[in-house]
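Everything on this sheet refers to the single structure shown next.
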Amino acid sequence: MKAAKAIRNGMDSILLIGIIAVNIVPFVYMFLMSFKSTINAHDFDFSPEKLSLQQYGKIFAMEHFGRYIFNSVFVAAAGVVLTVAVCSLAGYAFAKMDFRGNDRLFLFLVLTMIVPSEVIVVPLFLITKSFGWLNTFRALILPLPTAFGVFIMRQAILDIPQDLVHAAKIDGCGNIGTFFKVVIPMVKSSVLALSIFTFVGAWNNFIWPLVACTKEEMKTLPLALSLMKTQFNTDVGLTMACAVVNFLPPFLFYICMQSRFKEGIALSGIKG
């Protein structure tokens, strides 16, 4: 019996190691190829004499590279603040406030998640243009809050006992006071999870910045790197270097918050 269990555990471990290897290999390939200058994607000769920082030199030598970094960081950070504020307040209203049409309105909001983001690009562009927001940070930041964020916060706030909300109101707190003094401290992990989702999504956003920003000084880093690759030959090394530069910031952000991120997912109602 113990032998069979040990064999089963060993097979499970081998399977997990295999899955991890399959997922890691593409990133290792991307990182190693970023140090080469080649048009052959199947060139696996990684000898030291063929590796260099040439591709990264091209990227860091871009005329507005510092501006691209600033734009991406500012949009992602401001998007996190706006999304957390809007989605937390909306989630609190749907979870703890009794008003007419609460469930129906929330159902309608959730149904909007079915609509692909590409479908609303044209209407969103026309609205943004009518407000005169093209080539501004407002155009990049204001569309970031989504129904998905409201769903996460509502599910987390639903787990807060209603008695705590009533007790806060008896002590003299209004809805805003209850929200900041009782609700937010109890859903910090879900706020963190939403922040990570938003940061990664805002950083990697490509289609909307491509449509909303035509001026060079308003482009974000992913957009600038993508356009940069078309200015040279089909150099696989340059493509991979651009991918590494774009990948590292959200990856490092996630690594720093990994433990709390897992806790936030568990408490936000997103369970397998």
Side-chain angles (χ1 to χ4, degrees), residues 70-99 101-103 105-113 115 117 120 123-124 127-128 131-133 136-162 164-165 168-169 172-205 208-209 212-213 218 220 249-250 253-254 256-257 260-270:
F70 171 79
N71 290 346
S72 290
V73 172
F74 181 76
V75 169
V80 167
V81 175
L82 179 64
T83 299
V84 168
V86 172
C87 294
S88 298
L89 288 168
Y92 173 67
F94 283 120
K96 296 302 180 182
M97 297 180 66
D98 186 17
F99 58 89
N102 185 324
D103 294 336
L105 185 58
F106 179 71
L107 176 62
F108 176 78
L109 186 67
V110 171
L111 289 176
T112 62
M113 295 167 58
V115 181
S117 58
I120 65 172
L124 187 58
I127 294 173
T128 305
F131 282 113
W133 289 351
T136 65
F137 284 119
R138 285 172 291 183
L140 296 174
I141 296 171
L142 293 180
L144 291 177
T146 63
F148 178 66
V150 177
F151 173 79
I152 290 179
M153 296 311 303
R154 177 183 179 272
Q155 297 306 108
I157 295 173
L158 278 175
D159 292 334
I160 299 176
Q162 191 67 29
L164 291 178
V165 177
K169 292 183 177 180
C173 289
N175 285 323
I176 298 299
T178 302
F179 174 75
F180 283 107
K181 295 180 180 179
V182 177
V183 174
I184 289 299
M186 298 189 68
V187 295
K188 284 184 178 179
S189 55
S190 295
V191 169
L192 179 61
L194 178 59
S195 300
I196 296 176
F197 280 128
T198 305
F199 184 91
V200 174
W203 183 276
N204 292 325
N205 198 3
W208 178 240
C213 297
M218 288 305 303
T220 57
F253 182 77
Y254 169 75
C256 293
M257 303 294 181
R260 293 186 178 182
F261 174 78
K262 292 179 180 178
E263 181 185 359
I265 292 296
L267 296 179
S268 63
I270 309 177

Within the side chain of [X], is there an N or O that forms a donor-acceptor pair under 3.5 Å with the backbone of [Y]?
X	Y	answer
N204	V200	yes
W208	L144	no
T112	L109	yes

Do [X] and [Y] have side-chain heavy atoms sitting under 4.5 Å apart?
X	Y	value
V84	T198	no
F99	F94	yes
D159	M186	no
I152	F197	yes
F151	T146	no
T220	W203	no
I196	L192	yes

What's the separation between atom SG in C87 and atom CE in M153, rounded to the nearest 0.5 Å?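 Result: 8.0 Å between the selected atoms.
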Pi-cation contact, F106 with R154 (under 6.0 Å, within 45°):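 Judged by the rule, R154 and F106 form a cation-pi pair.
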Step through the shown structure and confirm whether more than 12 heavy atoms of other residues, nucleotides or ligands are within 6.0 Å of CZ on F180.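 No, CZ of F180 has 12 or fewer neighbouring heavy atoms, counting only those of other groups under 6.0 Å.
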Does atom NZ (K181) have a neighbourhood of more than 12 heavy atoms from anything else shown, all under 6.0 Å?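 Not buried by this count: 12 neighbours or fewer within 6.0 Å.
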Smallest separation among heavy atoms of [X] and [Y], with atom names:
X	Y	value
T128	A139	CG2-CB, 3.6 Å
A156	S190	CB-OG, 3.3 Å
I157	S88	CD1-O, 3.9 Å

So, applying side-chain contact (heavy atoms from CB on, under 4.5 Å) with R138, which one of T136, I141, L140 is it?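 The passing option is T136.
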Determine the sole option in V187, T178, I176 for which the side-chain contact (heavy atoms from CB on, under 4.5 Å) test with Y92 is passed.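 Answer after filtering V187, T178, I176: T178.
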Short side-chain donor-acceptor distance under 3.5 Å, N175 and K96: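 Absent: no donor and acceptor within the cut-off.
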Would you please indicate if the ring centroids of Y254 and F199 are separated by under 6.0 Å?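 No, the ring centres sit 6.0 Å or more apart.
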